[in-house]
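Here the structure comes first, spelled out in structure tokens, and everything after it is commentary.
Fair warning: this is a prediction, and the values are worked out from it, not measured in the lab. Scope of the values below: all heavy atoms of this structure, side chains included, with no hydrogens, waters or symmetry mates. Atoms within each ligand, like the ligands themselves, are counted from 1 in listed order. Positions are given from 1, in the same order as the sequence printed here.
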Amino acid sequence: MERLIRKHLASFQPYKPIQPVEALSEQAGISVEQIIKLDGNENPYGCPPRAKRALAEYERYHIYPDPSQRELRRKLAEYTGIGSEHIVISNGSDELITLIMRLCLDPGDGVITCPPSFIVYNVFTRILGGRLIEVPRDSRYEVDVEAVKSAIDDRTKLIFLAWPNNPTGNASPSEEGILELADCGPLVVVDEAYHEFSGLTVAPHVLQHPHLCVLRTFSKWAGLAGLRVGYGIFPQKIAQILYQITLPYSVNVAAQIAAKEALEDVPYLKARVREILQERERFYHRLKEQGILDPLPSQANFLLCRVLKGSAPELKRELDKRGIFVRYFDVPGLQDKLRITVGKPEHTEALLSALDEITR
Ligand SMILES: *Cc1c(COP(=O)(O)O)cnc(C)c1O
């Protein structure tokens with residue numbers, strides 16, 4: 001059997017996704033409704049009501065979806081201000097990450113990442129037989145553009161930058177730094193999963209830079225993580241080939257309906273984003289006052305916090321027991337930290353009192 005499996009996959013470190021809420025509920029012995037889930041950067045306000053209604057009323061789930069998602073792409077062109085011929089929609093932006101790699105990588109080709117960052121880039125580079133080139137961030141999690149440039153060799157195909165970065169929450173390098181890298185040869189993939197929270201984007205530059213692309217998702221700001229819709233903005237040529245190599249129906253009917261409805265209801269969603277941003281500022285200051293976790297400034301919907309009292313994994317275990325779930329990464333640079341999604345004010349309060357109780 002083993003000889004059938006590609007060698008490098010037999011002994012391979014998989015990505016550890018977060019647990020489903022039912023498993024968390026069972027683990028804590030607390031009902032699903034009472035779980036406080038702050039580990040996935042999901043939207044605490046849920047799916048937009050308009051999307052729920054449209055999903056309930058739809059009559060043609062027995063028909064295959066539009067493989068080129070014409071209507072949704074038209075709406076995204078309006079939303080982004082960029083022509084639909086540049087837009088590729090996918091089953092979550094994670095799918096686009098792997099598609100870009102499948103488009104560009106021959107075995108041994110280089111992929112630059114700047115850890116600590118989104119681990120999916122590393123995992124899929126390995127799965128596809130690429131060569132991972134890690135250029136670590138500095139102690140303030142800033143990307144060193146010069147170091148990235150000197151790490152580029154003649155087989156480097158891709159540079160992945162989460163901007164703002166997950167899990168650190170900062171947006172580095174600067175826009176100028178990104179554009180500088182986009183002139184260096186490899187394709188620069190700017191992952192803007194948190195764009196609606198940061199207000200930052202390099203999307204308009206894709207039209208002038210043939211080696212630049214942008215990834216976005218409906219998972220975080222639009223409350224559709226469970227439906228899996230992401231998209232990318234690409235030079236037209238790349239967009240065309242990506243559609244040729246993707247699975248024809250990977251974006252299902254429900255996902256397309258929900259994303260279209262979300263785009264019909266942007267003012268509603270932007271109001272929720274503003275609430276989350278207000279709560280992020282309040283949460284940040286409350287944590288600073290409390291003195292148990294030290295949050296870093298963030299441009300996204302989560303705070304990376306250094307644990308000041310006790311150890312991070314221990315604190316996480318204690319929070320787990322109380323039905324409050326946060327994210328811990330057992331990797332260099334993050335072992336003394338927890339990443340906590342910004343929830344509703346009542347989630348913040350429950351977390352703060354749990355922290356008090358645990359460290360008392
Ligand atoms: C959450 C996240 C994604 C994944 O988004 P999906 O569209 O749900 O696949 C991609 N990149 C970053 C940086 C993220 O934090």
Check the hydrophobic clustering (I, L, V, M, F, W, Y; side-chain heavy atoms under 4.5 Å; chains of links allowed) and say if Val21 and Leu319 are grouped together.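 Shared cluster, no.
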Can you name the atoms of ligand 1, numbered from 1 with element, that are less than 4.0 Å from a heavy atom of Asn166?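 Matching atoms, with element in brackets: 13 (C), 14 (C), 15 (O).
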Under 4.0 Å from any heavy atom of Arg228, which atoms of ligand 1 are there?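 The atoms of ligand 1 under 4.0 Å from a heavy atom of Arg228 are 6 (P), 8 (O), 9 (O).
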May I ask you to decide if the ring planes of Tyr194 and Phe197 are parallel, tilted or perpendicular, using 30° and 60° as cut-offs?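 Aromatic pair Tyr194/Phe197 classed tilted.
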Aromatic ring proximity Trp221/Tyr79, centre distance under 6.0 Å: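 Ring centres of Tyr79 and Trp221 closer than 6.0 Å.
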Just checking Tyr61 against Tyr58, ring centres under 6.0 Å apart? yes
Identify whether NZ of Lys or CZ of Arg in Arg216 sits under 6.0 Å from the centre of the six-membered ring of Phe218 and within 45° of that ring's axis.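 Not flagged: Arg216 not positioned over aromatic ring of Phe218.
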Looking just at side-chain N and O atoms, do Ser25 and Glu22 make a donor-acceptor pair shorter than 3.5 Å? no
Please write down residue, atom name and distance for the protein heavy atom closest to [atom].
atom	value
atom 3 (C) of ligand 1	Lys220 NZ, 3.4 Å
atom 4 (C) of ligand 1	Asp94 OD1, 3.3 Å
atom 8 (O) of ligand 1	Ser219 OG, 2.6 Å
atom 13 (C) of ligand 1	Asp191 OD2, 3.4 Å

Consider ligand 1: state whether an atom of it lies below 4.0 angstrom from any non-hydrogen atom of Glu95. no
Any donor and acceptor pair, going by atom type alone, linking the side chain of Arg73 with main-chain N or O of Ser68 inside 3.5 Å?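 Yes; at least one donor-acceptor contact below 3.5 Å.
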Side chain, backbone, both or neither: the part of Ser93 lying under 4.0 Å from ligand 1 by heavy atom: both
Where's the contact between Tyr194 and ligand 1, heavy-atom distance under 4.0 Å: side chain, backbone, both or neither? side chain
